[in-house]
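Atoms within a ligand are numbered from 1 in the order they appear, just like the ligands themselves.
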Amino acid sequence: MATHLLDLQQLSIGEINDLLDLAQHYRDGGPLPDCSGAIVANLFFENSTRTQYSFQTAEERLNMRVISFVPETSSLQKNESFYDTVKTFDSFGVNALVIRHSENEYYNDLVGHVRAAILNGGDGTGSHPTQSLLDLLTIRQEFGGFEGLKAVIAGDIAHSRVAHTNYDIMTRLGMEVVMSGPKEYMEDRYPYEPFDEAVATSDVVMMLRVQRERHPDGTPFDPARYHREYGLSAKRAASMKKGAIIMHPAPVNRGVEVADEVVECRRSRIFKQMENGAFVRMAALVRALES
Ligand code: CP
């Protein structure tokens with residue numbers, strides 16, 4: 001049986017801590033397993049920089065052999081389906097399939113029909129498990145744990161798989177999580193807090209990009225107004241608690257959800273999140289190949 005990583009709800013808190021420990025072990029320069037016999041196919045049907053290439057970095061650090069799928073030059077252009085494309089790579093005998101796709105829970109059609117382990121690199125507005133793991137590792141490095149911390153996740157909550165995954169796992173880990181941003185981007189199932197109040201009282205201020213590619217065509221958007229009302233300006237960042245940190249899954253639209261000068265300020269852990277990404281993905285790949 002392959003050990004898929006589809007979402008974090010499938011993992012116990014103990015399993016999540018084990019993955020974070022393994023990622024930290026790799027980050028600290030701990031010995032690596034011999035994975036030179038493994039072949040991994042990275043199948044990104046939706047655009048990606050961080051997830052796709054940090055998985056590739058992780059695979060190369062582990063001496064795996066990597067197939068990077070290019071949708072634009074593939075037989076998708078001859079109307080081959082998503083399912084048949086994935087089945088094709090599985091039939092080659094690869095050990096793991098790293099998949100990103102715009103459809104929520106795309107993996108339900110695949111589980112039970114592929115031999116390789118599936119690692120979810122993001123499904124629509126559903127889940128982004130390795131992003132959440134790298135977010136958790138970054139928070140744990142900063143605060144030593146999770147219990148009792150408060151986080152605000154601010155921005156386009158409705159379209160964010162990062163927000164959905166992080167809310168679930170952070171609350172399971174004993175954090176208080178509130179959402180903030182324009183009311184039209186909120187979801188009733190989550191607690192809401194006004195933006196300035198949430199920024200000033202949280203240990204973790206996690207900003208999100210407005211995912212305009214998921215909005216209906218023609219939806220109006222004024223970046224300057226958005227920044228004025230919901231952007232993390234230098235003034236707002238200065239109101240944050242002592243020791244509080246700024247996070248963002250990226251890509252960042254500088255000057256929209258986060259001011260340009262705040263992206264790399266002393267409170268920002270945005271590029272540290274990216275550093276942690278490759279180590280978390282190494283841990284996720286090793287777990288997937290253990291079975
Ligand atoms: N954070 C994240 O998933 O970035 P990419 O879309 O560039 O992979």
Side-chain angles (χ1 to χ4, degrees), residues 5-8 19-20 23 40-61 66-72 96-107 118-139 141 151-170 181 185 204-215 232 245-254 256-258 262-264 268-285:
L5 178 59
L6 306 176
D7 62 36
L8 293 187
L19 275 169
L20 298 181
V40 182
N42 296 331
L43 309 180
F44 281 71
F45 296 84
E46 204 187 57
N47 295 346
S48 169
T49 297
R50 273 145 295 276
T51 311
Q52 180 169 202
Y53 296 106
S54 68
F55 259 114
Q56 188 169 335
T57 303
E59 290 150 6
E60 291 184 5
R61 282 187 185 147
V66 183
I67 300 171
S68 290
F69 170 68
V70 183
E72 292 74 18
L97 299 156
V98 179
I99 304 176
R100 171 175 287 190
H101 195 274
S102 57
E103 190 180 316
N104 286 25
E105 299 185 12
Y106 65 79
Y107 43 77
I118 299 169
L119 292 100
N120 182 10
D123 61 292
T125 60
S127 284
H128 197 345
T130 58
Q131 176 68 45
S132 286
L133 288 168
L134 73 89
D135 293 339
L136 295 178
L137 185 62
T138 307
I139 292 169
Q141 287 165 347
V152 56
I153 306 177
D156 188 0
I157 304 301
H159 298 102
S160 173
R161 53 194 170 216
V162 176
H164 300 146
T165 315
N166 272 337
Y167 183 86
D168 287 347
I169 188 56
M170 287 178 178
Y185 298 161
V204 175
V205 175
M206 181 175 288
M207 303 302 298
L208 301 177
R209 181 176 66 88
V210 177
Q211 300 195 37
R212 300 197 60 213
E213 70 276 18
R214 298 191 202 276
H215 295 190
L232 190 60
I245 61 170
I246 297 163
M247 299 177 70
H248 191 310
V252 179
N253 286 155
R254 289 179 182 243
V256 183
E257 70 273 14
V258 182
V262 171
V263 172
E264 294 174 70
S268 173
R269 299 295 178 270
I270 295 172
F271 286 94
K272 188 173 184 189
Q273 288 173 264
M274 295 180 210
E275 283 175 34
N276 283 330
F279 297 108
V280 155
R281 288 170 178 130
M282 288 167 73
L285 285 158

Parallel, tilted or perpendicular: which fits the ring planes of Tyr106 and His101, with parallel below 30° and perpendicular above 60°?
-> tilted
Considering only non-hydrogen protein atoms, determine which one is nearest to atom 6 (O) of ligand 1 and report residue, atom name and distance to 0.1 Å.
->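 In this structure, atom 6 (O) of ligand 1 has Arg100 NH1, 2.9 Å as its nearest protein heavy atom.
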Can you pull out the closest protein heavy atom to atom 4 (O) of ligand 1? Residue, atom name and distance to 0.1 Å, please.
->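 Ranking protein heavy atoms by distance from atom 4 (O) of ligand 1, first comes Arg50 NE, 3.1 Å.
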Ala250 to ligand 1, any heavy atom closer than 4.0 Å | yes
His128 touching ligand 1 at heavy-atom level, < 4.0 angstrom = yes
Where ligand 1 meets Pro249 - atom numbers and elements under 4.0 angstrom, heavy-atom basis | 1 (N)
Distance filter under 4.0 Å to Thr49 heavy atoms, resulting ligand 1 atoms | 5 (P), 7 (O), 8 (O)
So with a 6.0 Å cut-off around CG of Asn104, is the heavy-atom count from everything else above 12?
->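 It does: Asn104 CG has more than 12 such atoms within range.
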Have Glu59 and Asn42 got a donor and an acceptor in their side chains that come within less than 3.5 Å?
-> yes
Test item: side-chain donor near acceptor, Arg100 and Thr51, under 3.5 Å = yes
Between Phe55 and Arg281, is there a cation-pi geometry (under 6.0 Å to ring centre, at most 45° from the normal)?
-> yes
